[in-house]
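Numbers restart at 1 for each chain; the letters A, B, ... are given by sequence-line order, proteins then strands.
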Protein chains: 4
Amino acid sequence: MVSKPAPDSPPGSAGGTPTRRSERSRRAIFDAALALVGEVGYDKLTIEGIASRAGVGKQTIYRWWPSKAAVLLDAFTADSDEDYAEGLPDTGDLAADLKFVLRATADEFNDPAFQAPYRALAVAGANDEEVSRAFVGRLLEPGIRVYVERLRAAQEAGEVAADVDVRVAAEMVLSPFSQRWLMRTGPLTHEFVDTLVDQVLRGLRPRG
Amino acid sequence: MVSKPAPDSPPGSAGGTPTRRSERSRRAIFDAALALVGEVGYDKLTIEGIASRAGVGKQTIYRWWPSKAAVLLDAFTADSDEDYAEGLPDTGDLAADLKFVLRATADEFNDPAFQAPYRALAVAGANDEEVSRAFVGRLLEPGIRVYVERLRAAQEAGEVAADVDVRVAAEMVLSPFSQRWLMRTGPLTHEFVDTLVDQVLRGLRPRG
Amino acid sequence: MVSKPAPDSPPGSAGGTPTRRSERSRRAIFDAALALVGEVGYDKLTIEGIASRAGVGKQTIYRWWPSKAAVLLDAFTADSDEDYAEGLPDTGDLAADLKFVLRATADEFNDPAFQAPYRALAVAGANDEEVSRAFVGRLLEPGIRVYVERLRAAQEAGEVAADVDVRVAAEMVLSPFSQRWLMRTGPLTHEFVDTLVDQVLRGLRPRG
Amino acid sequence: MVSKPAPDSPPGSAGGTPTRRSERSRRAIFDAALALVGEVGYDKLTIEGIASRAGVGKQTIYRWWPSKAAVLLDAFTADSDEDYAEGLPDTGDLAADLKFVLRATADEFNDPAFQAPYRALAVAGANDEEVSRAFVGRLLEPGIRVYVERLRAAQEAGEVAADVDVRVAAEMVLSPFSQRWLMRTGPLTHEFVDTLVDQVLRGLRPRG
DNA sequence: AATTAAGCGAGACGGTACGTCTTGTCTTATG
DNA sequence: CATAAGACAAGACGTACCGTCTCGCTTAATT
């Protein structure tokens with residue numbers, strides 16, 4: 001949890017939104033935070049700026065979130081909780097499925113409009129351990145998990161060797177991808193995606 | 001280059017240190033910056049703090065660097081320019097060599113004293129594209145390159161298939177590693193390193 | 001009147017206490033206000049502080065008083081309405097009577113516990129004209145009046161010349177006294193009181 | 001002294017204006033403070049307001065003064081240091097001289113433009129002892145002193161009895177006057193002034 | 001050797017934002 | 001239906017830094 005716990009929630013409860021909280025303000029804050037991080041970047045994103053843009057008192061932000069990173073994380077995940085609900089496609093052809101999804105993801109990551117808030121979160125997380133945990137738990141981990149599951153399905157179908165560690169295999173695909181994007185160590189082209197998938201899968205196939 | 005060019009250096013030159021610059025101040029600034037980033041973190045690192053700790057006027061910092069990220073990057077690379085001079089060991093056993101180096105690196109990355117400044121740089125880079133380029137060029141890229149070279153040597157020795165993209169292969173090893181560290185998506189254990197290396201190499205071997 | 005008129009009182013009425021008003025809360029508010037003004041001073045006295053100390057909702061204060069000055073004034077006068085009921089002693093010796101009362105008042109005014117709220121009221125009044133009127137009408141004016149009456153009695157007894165303006169004479173005694181206290185322009189000693197009384201009375205006596 | 005001492009002045013020195021201080025800012029702050037206190041009153045006078053109106057950073061105010069009261073006091077006394085240099089007129093007729101000056105002062109005090117800042121200072125002083133001392137020492141005391149001196153001159157001329165305490169006599173004239181103004185206990189008319197002066201002087205004359 | 005000018009420590013300056021506190025209004029649920 | 005509780009928009013508080021700008025001082029490099 002990144003937001004502060006509701007002060008009046010019963011101990012042991014899920015710490016949900018208290019009764020008196022203004023939903024209107026909450027949405028306005030999210031909208032303002034996302035808009036601003038896109039316009040000015042994470043460093044120049046300020047609580048005052050969010051409050052002002054949202055037409056909200058500063059205290060209303062400080063009452064519910066401990067930092068701009070927390071606001072941003074909640075704003076970012078407010079709508080996307082169900083993004084990974086469906087899992088990866090499974091046509092029976094693992095390589096094709098992975099390439100299909102990763103090419104689409106590459107296109108998305110190459111979109112400047114998407115970059116700012118996501119990169120901001122990555123950055124915020126790297127410095128604030130608590131935000132980091134929430135970021136990983138809410139956004140990264142679910143993303144990894146669908147790959148792990150697709151790989152496990154392939155493993156059960158005999159397409160991937162039984163002794164392969166599918167978690168590590170998923171990271172072998174995903175980490176070079178996100179590393180290139182985050183650190184700008186290389187371009188996210190379809191060609192790169194294809195090479196990456198092919199080269200990872202080479203090692204996963206059952207040995208004859 | 002991250003530092004500002006010397007104002008009196010001829011245009012087009014490498015932007016070297018002008019004669020009058022105080023080496024004593026430069027070192028004091030680096031020491032202060034590294035010490036402070038370890039103590040208070042990147043976010044709370046301030047130019048004023050560095051200047052005060054270094055016993056230096058603020059202007060002396062602003063004269064030579066455009067941002068705290070640039071100071072930090074120069075401070076970080078001031079001593080480490082020769083770190084990758086030797087390349088990776090080559091005993092003829094690629095898996096053993098990679099595991100040896102990566103285990104050592106894992107130990108280093110698990111050291112809290114090492115974390116703060118390095119993570120700070122990663123973060124600084126993610127938001128400031130110019131710093132990012134310098135960070136990648138001076139620190140990340142050389143680190144990747146030694147792996148690429150070791151893999152190419154193995155390829156020439158026939159230990160790795162000729163059609164393997166060694167750059168991507170290097171990233172398949174390194175990115176899951178650094179991603180786990182940066183994003184805290186998992187622990188950097190020797191076991192993880194071994195699994196990772198084994199699983200990557202499985203796919204690189206020439207096919208019988 | 002400083003308190004707001006009761007919202008439900010009939011127009012034109014004296015604005016008395018409405019039936020539903022909580023007497024318990026009213027007293028708690030007065031106690032809290034007086035205690036706090038003594039502890040933190042007038043400037044740092046806040047409505048929130050009073051409400052919190054009194055265990056009362058802020059709205060309960062805002063409903064009945066327009067400002068903290070009004071609360072304080074009502075709190076201060078709640079008990080002291082009958083203070084001046086008896087008037088000044090009249091032993092037939094005007095000088096002795098005045099000195100007796102003023103020496104006692106000086107002792108009272110020199111007591112730090114008494115200073116804070118009274119000084120606070122004086123201050124509050126100086127800036128807020130409405131509070132000022134109430135302050136003067138309820139506290140200062142009655143205090144002056146008893147002196148005026150004692151002087152008039154002396155005048156009728158032939159101890160004071162018939163053409164003396166007793167109101168001005170009362171101010172000649174009282175104002176130097178309260179001015180010294182309020183502005184700290186001098187100490188309130190018995191000696192000062194005696195000199196003051198003697199010197200004022202010198203001019204009041206009928207001329208031979 | 002109400003302003004903070006100059007941090008770099010030698011210990012024991014008069015604590016004057018440091019070399020680096022911006023005279024331009026100092027004047028702008030005084031002008032803004034006086035203008036604002038006249039427009040919005042002391043309670044609603046804010047440091048931010050002064051800074052903004054003066055085109056000055058808040059820190060520049062906080063650097064040199066501890067409170068808005070101190071700013072106001074310095075602003076008020078910046079120009080008026082020589083106001084009492086000449087003393088009271090001495091035509092040989094004490095009553096006439098006192099009435100002349102006090103009538104003029106009454107007119108001045110009845111001017112709304114004059115009221116706000118002066119009343120503000122009186123109020124500020126009543127709550128802040130340090131400001132009070134400075135207020136009394138710089139403004140009130142010099143004002144009283146010229147009356148004391150005029151009375152002493154009259155005493156030496158035989159117009160006032162030798163055993164009169166001229167300090168107390170001065171307060172007998174001035175305090176009723178300023179009390180009426182500050183507390184609004186009565187109007188400051190020429191008639192009041194005349195009665196006051198006559199009645200005070202009645203008691204000061206040598207007894208025949 | 002004297003002159004010059006850049007670099008330097010210091011820190012004031014106009015600003016922006018921080019995170020906290022209080023104001024006066026409004027809403028909810030409790031008795 | 002007045003109350004205790006407290007969320008809310010607003011905005012001032014006093015502090016911390018920003019990046020710019022002098023101010024004298026020190027110290028090479030040039031006269």
Side-chain angles (χ1 to χ4, degrees), chain A residues 6-8 18-26 28 44-52 54-64 66-68, chain B residues 6-8 18-26 28 44-52 54-64 66-68, chain C residues 7-8 18-22 24-25 28 44-52 54-64 66-68, chain D residues 6-8 18-22 24-26 28 44-52 54-64 66-68:
Chain A
D8 58 352
T19 349
R20 313 289 303 282
R21 183 164 185 182
S22 161
E23 180 61 17
R24 149 192 287 274
S25 293
R26 195 169 144 273
K44 294 186 180 163
L45 179 67
T46 65
I47 299 276
E48 293 207 334
I50 298 171
S52 157
V56 139
K58 287 202 298 178
Q59 201 58 41
T60 300
I61 299 183
Y62 283 112
R63 186 154 30 232
W64 302 111
S67 67
K68 65 177 180 179
Chain B
D8 57 354
T19 358
R20 311 291 296 275
R21 181 165 186 182
S22 162
E23 180 60 16
R24 149 195 286 274
S25 294
R26 198 171 143 273
K44 293 185 180 165
L45 180 69
T46 65
I47 300 277
E48 293 208 334
I50 297 171
S52 158
V56 138
K58 286 201 300 180
Q59 200 61 289
T60 301
I61 298 183
Y62 283 111
R63 188 154 27 233
W64 301 110
S67 68
K68 66 177 179 177
Chain C
D8 56 355
T19 358
R20 309 293 297 275
R21 182 164 185 183
S22 161
R24 150 193 287 273
S25 293
K44 293 185 180 164
L45 179 69
T46 65
I47 299 278
E48 293 210 332
I50 297 171
S52 157
V56 138
K58 286 201 302 178
Q59 200 58 306
T60 301
I61 298 182
Y62 282 111
R63 204 177 346 259
W64 302 110
S67 68
K68 65 177 179 176
Chain D
D8 57 353
T19 348
R20 312 290 302 282
R21 183 165 185 180
S22 162
R24 150 192 286 274
S25 293
R26 196 171 143 272
K44 293 186 180 162
L45 178 68
T46 66
I47 298 276
E48 292 206 337
I50 298 171
S52 158
V56 140
K58 286 203 297 178
Q59 202 59 40
T60 300
I61 299 183
Y62 283 112
R63 186 151 33 229
W64 302 112
S67 66
K68 66 176 178 178

Chemist: Could you check whether C/Gly49 gets within reach of a base, just the sugar-phosphate, or nothing at all, counting any heavy atom under 4.0 Å?
Modeler: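 Contact class for C/Gly49: none.
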
Chemist: On the ring face of A/Trp64, is A/Arg21 found with NZ or CZ under 6.0 Å from the centre and within 45° of the axis?
Modeler: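 Satisfied, under 6.0 Å and within 45°.
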
Chemist: Between C/Gly57 and A/Ala54, name the one whose nearest nucleotide on DNA chain F is closer to the 5' end.
Modeler: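 This one resolves to C/Gly57.
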
Chemist: Quick check for you: to the nearest 0.5 Å, what is the distance between B/Lys68 atom NZ and B/Ile47 atom CD1?
Modeler: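 These two atoms lie 8.0 Å from each other.
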
Chemist: I need the minimum non-hydrogen distance between B/Ala51 and B/Ile61, along with the two atoms involved.
Modeler: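 Of all heavy-atom pairs spanning B/Ala51 and B/Ile61, the closest is N-CD1, 3.7 Å.
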
Chemist: Of all the nucleotides listed (E/dT23, E/dG9, E/dA17), which has the minimum atom distance to the side chain of A/Thr46?
Modeler: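 From the listed options, E/dA17 comes nearest.
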
Chemist: Considering only E/dA12, F/dC18, E/dG19, which nucleotide approaches the side chain of D/Trp64 most closely?
Modeler: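 So the nucleotide nearest the side chain must be E/dA12.
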
Chemist: Whole angstrom is fine here: how far is it from CD1 in D/Ile47 over to P in F/dT15?
Modeler: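 From D/Ile47 CD1 to F/dT15 P: 11 Å.
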
Chemist: Please check the phosphate of F/dA2 (OP1 and OP2 only) for any side-chain N or O of C/Arg63 closer than 4.0 Å.
Modeler: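 For F/dA2, neither OP1 nor OP2 has a side-chain N or O of C/Arg63 closer than 4.0 Å.
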
Chemist: Would you state whether a donor and an acceptor, one from the side chain of A/Lys58 and one from the base of F/dG11, lie under 3.5 Å apart?
Modeler: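 Under the 3.5 Å cut-off, the side chain and the base do not form any donor-acceptor pair.
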
Chemist: Output the distance between atom NZ (C/Lys58) and atom OG1 (C/Thr60), rounded to the nearest 0.5 Å.
Modeler: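 Interatomic distance, C/Lys58 NZ to C/Thr60 OG1, rounded to 0.5 Å: 11.5 Å.
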
Chemist: For D/Arg24 and for C/Leu45, find the nucleotide of DNA chain E with the closest heavy atom, then tell me which residue's nucleotide is more 5'.
Modeler: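 Its nucleotide being nearer the 5' end, the pick is D/Arg24.
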
Chemist: Rounded to whole Å, please give me the gap between CD1 in B/Ile50 and C1' in F/dG19.
Modeler: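 To the nearest whole Å, that distance equals 14 Å.
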
Chemist: Side chain of B/Arg20, base of E/dA6: donor and acceptor closer than 3.5 Å?
Modeler: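 Pair found.
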
Chemist: Hey, is the side chain of B/Gln59 pairing donor to acceptor with the base of E/dC8 inside 3.5 Å?
Modeler: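 Counting by modelled atom types and ignoring angles, no donor-acceptor contact under 3.5 Å is found here.
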
Chemist: Specify the residue among B/Ser22 and A/Pro66 whose closest nucleotide of DNA chain E lies further upstream toward the 5′ end.
Modeler: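 Between the two, 5'-proximity favours B/Ser22.
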
Chemist: Whole Å only: how far is the CD1 atom of B/Ile61 from the C1' atom of F/dG19?
Modeler: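 B/Ile61 atom CD1 is separated from F/dG19 atom C1' by 12 Å.
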
Chemist: Could you check how far CZ of D/Arg26 sits from P of E/dC13, rounded to whole Å?
Modeler: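 Interatomic distance, CZ of D/Arg26 to P of E/dC13: 12 Å.
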
Chemist: Measure NZ/D/Lys44 against C1'/F/dA12 and give the value in whole Å, please.
Modeler: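 Taking NZ of D/Lys44 and C1' of F/dA12, I get 14 Å after rounding.
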
Chemist: Starting from P on E/dC13, measure out to OH on D/Tyr62 and report it in whole angstrom.
Modeler: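 Between P of E/dC13 and OH of D/Tyr62: 16 Å.
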
Chemist: With the side chain of C/Glu48 defined as its heavy atoms from C-beta on, choose the nearest nucleotide among F/dA5, E/dT22, F/dA9.
Modeler: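 The closest nucleotide is E/dT22.
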
Chemist: If you look at every heavy atom in D/Ala28 and D/Ala54, which pair is closest and at what distance?
Modeler: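 Minimum heavy-atom separation between D/Ala28 and D/Ala54: O-CB, 3.4 Å.
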
Chemist: Return the nearest nucleotide to the side chain of C/Ser25; candidates are F/dA4, E/dC8, E/dC13.
Modeler: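 Taking heavy atoms from C-beta onward, the closest nucleotide is F/dA4.
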
